[in-house]
Amino acid sequence: MSANKKALAALLTVAMSTTLLAGCGSSESSSSGSSDSSASGSDVSITIFNSKMEIQDQMLAMAENYTKATGVNVEVYYSSDTVAAHLSTRYASNEPYTISMVDAKDVYSLAADHAVDLSGEKWVSDTTEAISVDGKVYGFPVCVEARGVIYNAEAISAITGSEFDPSSVKTLDDFNALLTQLKDGGMTSPTGIMKEDWSLGAHYLAEVYEQHDDPDAFINGLHDGSISMADDDIFNSMMDTFDALKENNYQAASAISAEREVTEQKLAEGEIAFMFGGNWDWSVINQYDYSSSMGIMPVPQNGSTDANTKLVGGGSKYFFIDSSDNTSAEQVQAAKDFLNWLVYDADGQGFLVNDCALVPAFSNITIAVSDPLGASVKTYADKGALIGNYNYLPDDHYAKLGAEFQKYLANEYDRAAFAAAIDSYWQSATLSEH
């Protein structure tokens, strides 16, 4: 099988699991980090595939204004199909997008055969989140996202009588004491849990692997049977905390029927105080009568690591530029100019931070992040307190183990049964090559 066919086959099997966050004025200037001449002002047209539904309206408005300001015609497309399936049809018909927004795994799978080497671009030196394959930079980080326990500080302070300091709740003992105080003060059920398989499998369970110093070694041990999840200290620490969330869940009697929107509304309006999630949840929370005194804190744990002082996250969603014969040199240059506009132009920066409410992945962008969850993530990112995402989980991981986790949430499994289901999955899983 040829390299291109292998890449397309890999693309067809990629399962995308991320559910994430949420015009733009005329451009004052466009600074290019490329040695090639700028394509701005020409008749060139470029297409952009956007895989973040929450920012599609903003992307469309940006494209219209960018076209007017630069003379480069920009068209933005979105599909409700999985990213893998959608892009595979475009490649099969020889109609690739000039710029595609994908997840990290796709960059690793596709870059060598389908992406332009961006190593010489100026922005590479202004981020730690770019993706490289075989020493070449292919992935432009669209934003930084992270996960942990979202809190409503206003709701907590209304009961405790003092300003909530998330750094005071590091251990599970701290967390349980606060939950008891909230219940004694009248908050019947202080927590909520999202039952979705992606939240349980791709986000909460994945953190067990990510908290290990060497996630690959840990997963290889699960795969060959030399490691049992039931015996793992980090798994048990994380599940102890999950038990606290589950026992204090407002929907404890029927946890598997909880609707995400209802849970997030209760958190936004202070009926509950805590929910595991990420800064992408702001796109739901801000639809309600929310408190501005919210944020994300690390998962409280009694374990021996420093994971209870860090969020889990990093670059989330990546642009790559098509390298096929279907994309001309002028289009490649226009695409590079667009990426540099996002990083170095005031309007490009404003589009990312203000219009799309994203946390920028570039150190030179100093615009304050407006939403409180994003602001929390930026605080942790700025001080280097992020545990990196593990980007190599098998494509069926979140669906299969998310379903097993749902059984635990619904009290159909005890912890031993859940751990055994995880062991069984990994022993038969096909590990991702990287």
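Along the sequence shown, the residues carry numbers beginning at 1. This structure is a prediction, so every number in the text was calculated from the model and none was measured.
- Tyr138 is linked by a ring pair (Phe, Tyr, Trp, His ring centres under 6.0 Å) to nothing, counting only residues two or more places apart in sequence or in another chain.
- Of the residues listed (Phe362, Trp341, Tyr318), the one engaging Phe140 in a ring pair (Phe, Tyr, Trp, His ring centres under 6.0 Å) is Phe362, and it is the only one.
- For Ala385, the side-chain contact (heavy atoms from CB on, under 4.5 Å) partners at least two apart in sequence or on another chain are Lys310, Tyr380, Lys383.
- For Thr98, the side chain to side chain donor-acceptor pair (under 3.5 Å) test picks out Thr47, with sequence neighbours left out.
- Applying the ring pair (Phe, Tyr, Trp, His ring centres under 6.0 Å) criterion to Phe218, with sequence neighbours excluded, gives His212.
- Pairing each heavy atom of Thr127 with each of Pro141, the nearest pair is OG1-CG, 3.7 Å.
- Legend: residues meeting salt bridge (Lys or Arg N to Asp or Glu O under 4.0 Å) with Asp240, ordered by chain and number and at least two apart, are Arg415.
- By the 30° and 60° cut-offs, the orientation of the rings of His203 relative to Trp280 is tilted.
- For the residue pair Lys122 and Asn340, no side-chain donor N or O sits within less than 3.5 Å of a side-chain acceptor on the partner.
- Between Val76 and Leu60 the shortest heavy-atom distance is O-CD2, 3.9 Å.
- Note that Lys400 lies outside the cation-pi zone of Phe405, set by a 6.0 Å cut-off to the ring centre and a 45° limit from the axis.
- Side-chain contact annotation: Gln181 with Thr160, donor-acceptor N/O pair under 3.5 Å absent.
- Side-chain N/O atoms of Asn152 and Tyr290 include no donor and acceptor closer than 3.5 Å.
- A donor and an acceptor atom, one from each side chain of Asn248 and Thr191, are nowhere located under 3.5 Å apart.
- Although no hydrogens or angles enter the test, the distance criterion places a donor-acceptor pair under 3.5 Å between the side chain of Lys105 and the main chain of Leu393.
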Given Ser376 and Thr379, is the side chain to side chain donor-acceptor pair (under 3.5 Å) satisfied, shown in steps? CA-CA 5 Å; Ser376 281; Thr379 297; over 6 Å; no

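- The two atoms that bring Cys356 and Leu352 nearest to each other are CB-O, 3.4 Å, heavy atoms only.
- Note on residues 256-276: pairs passing ring pair (Phe, Tyr, Trp, His ring centres under 6.0 Å), not counting sequence neighbours, are Phe175-Phe274, Tyr204-Phe276.
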Return a table of donor-acceptor pairs under 3.5 angstrom between the side chains of residues 295-305 and protein atoms on other chains or two or more places apart.
from: Gln301; atom 1: OE1; to: Ser237; atom 2: OG; distance (Å): 2.9
from: Gln301; atom 1: NE2; to: Gln211; atom 2: OE1; distance (Å): 3.4
from: Asn302; atom 1: OD1; to: Leu172; atom 2: N; distance (Å): 2.9
from: Asn302; atom 1: OD1; to: Asp173; atom 2: N; distance (Å): 3.4
from: Asn302; atom 1: ND2; to: Asp173; atom 2: OD1; distance (Å): 3.2
from: Thr305; atom 1: OG1; to: Ala307; atom 2: N; distance (Å): 3.2

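- Between the side chain of Ser51 and the backbone N or O of Met101, at least one donor-acceptor pair lies under 3.5 Å.
- Between Phe320 and His114, the ring center distance fails the sub-6.0 Å criterion.
- The aromatic rings of Phe338 and Tyr66 sit perpendicular, their planes meeting at an angle over 60°, well past the 30° parallel limit.
- Within the structure, side-chain hydrogen bond (donor to acceptor under 3.5 Å, both in side chains) pairs that include any residue of residues 291-300 comprise Glu154-Ser291 (at least two apart or interchain).
- Between Tyr408 and Tyr413, a ring centre-to-centre spacing not shorter than 6.0 Å is recorded.
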For a side chain to side chain donor-acceptor pair (under 3.5 Å) check, start with the C-alpha distance between His223 and Tyr425, then their side-chain angles and the critical distance, and finish with the verdict. CA-CA 8 Å; His223 183 60; Tyr425 167 82; over 6 Å; no

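- Remark: Glu271 engages Lys266 in a salt bridge (Lys or Arg N to Asp or Glu O under 4.0 Å) (not counting sequence neighbours).
- Contacts of Tyr392 classified as ring pair (Phe, Tyr, Trp, His ring centres under 6.0 Å), with partners at least two apart in sequence or in another chain: Tyr108, Tyr390, His434.
- Judged purely by distance below 3.5 Å, without hydrogens or angles, the side chains of Thr309 and Lys170 never pair a donor atom with an acceptor atom.
- Ile367 and Asn354 make their closest contact through CG2-OD1, 3.8 Å (heavy atoms, listed as atom of the first residue, atom of the second, distance).
- Asp289 is linked by a side-chain contact (heavy atoms from CB on, under 4.5 Å) to Glu269, counting only residues two or more places apart in sequence or in another chain.
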Could you please spell out the steps behind the side chain to side chain donor-acceptor pair (under 3.5 Å) verdict for Ser109 and Asp106? CA-CA 5 Å; Ser109 299; Asp106 302 286; 5.7 Å; no

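- Every ring pair (Phe, Tyr, Trp, His ring centres under 6.0 Å) that Tyr77 has, sequence neighbours left out, goes to Tyr97.
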